[in-house]
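What you see is a predicted model; the values in this text were computed from it and never measured.
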Amino acid sequence: MSCYSASMDKFARVVTKEMQRYGFDMSVVRQVKGAYNPSTSSAPITELEIPCRGIMFDLTLQSNGDYSKLGTLIQSGDKQILIQPNFSDGYYYDEEVMVLEPNKDYVQVGNKKYKIVTFKQLNPSSNEAVIWDCYVRL
């Protein structure tokens, strides 16, 4: 067990080092409903921005037809973003946002806002996710 834990610590250190070297600052944006107001019959929606660190890659279509990523057809301009969610690294602050919600949460990169289409956690130790793999769309 200690050998496995030590190898996971090394993996987490490599991810942190590469995120510091090649990653960029970005934000995860979650829309949060406020308390229901019976006089207006509505609940205000606010956006919660959580700063984090990520790396972005282009997704490409195959030249001979459509390509799918996790059961979703890729469209022109779609991206893959790897996000480091560790609380101890100082890039992810809000303990309330433990898991991203596809088609609800967004990723803010500069002045562009991408909707999260798919979300997958990479957590080989099954304790704490080391990296999040997101497929996003403008």
- Item | Test log, rule side chain to side chain contact (heavy atoms under 4.5 Å, CB included), inputs Leu100 and Val28 | CA-CA 9 Å; Leu100 300 180; Val28 171; 3.5 Å; yes

- Please name the pair of heavy atoms, one in Ala43 and one in Gly34, separated by the smallest distance, quoted to 0.1 Å. CB-O, 3.6 Å

- Query: Does atom NZ of Lys113 have more than 12 heavy-atom neighbours from other groups under 6.0 Å away?
  - Reply: yes

- Flag the pair Thr46 / Gln31 as yes when at least one side-chain heavy-atom distance between them is below 4.5 Å, and no otherwise. no

- Side-chain contact, heavy-atom cut-off 4.5 Å: Arg53 with Asp25? yes

- Task: Using the test side chain to side chain donor-acceptor pair (under 3.5 Å), find all partners of Glu18 that sit at least two apart in sequence or belong to another chain.
- Result: none

- Residues passing the side-chain contact (heavy atoms from CB on, under 4.5 Å) test with Ile81, sequence neighbours excluded, are Met26, Met56, Ile83, Val107, Val109, Val136

- Lys115: what forms a side-chain contact (heavy atoms from CB on, under 4.5 Å) with it, not counting sequence neighbours? Asn103, Tyr106

- Query: Got a sec, which residues hit side chain to side chain donor-acceptor pair (under 3.5 Å) with Ser41, two or more places apart in sequence or on another chain?
  - Reply: none

- salt bridge (charged side-chain N to carboxylate O under 4.0 Å, His left out) partners for Lys33, two or more places apart: none

- Message: So Leu82 and Met19, do their side chains get closer than 4.5 Å, heavy atoms only?
- Response: yes

- Same apolar cluster: Tyr22 and Phe57, side chain cutoff 4.5 Å: yes

- Query: Same cluster or not: are Val14 and Ile55 linked, directly or through other Ile, Leu, Val, Met, Phe, Trp or Tyr residues, by side-chain heavy atoms under 4.5 angstrom apart?
  - Reply: no

- Query: What is the distance from atom CG of Leu48 to atom CZ of Arg30, rounded to the nearest 0.5 Å?
  - Reply: 8.0 Å

- Item | For Thr40, side-chain contact (heavy atoms from CB on, under 4.5 Å) partners two or more places apart | Asn37, Ser42

- Message: Distance check, rounded to the nearest 0.5 Å: Lys79 atom NZ versus Tyr135 atom OH?
- Response: 12.0 Å

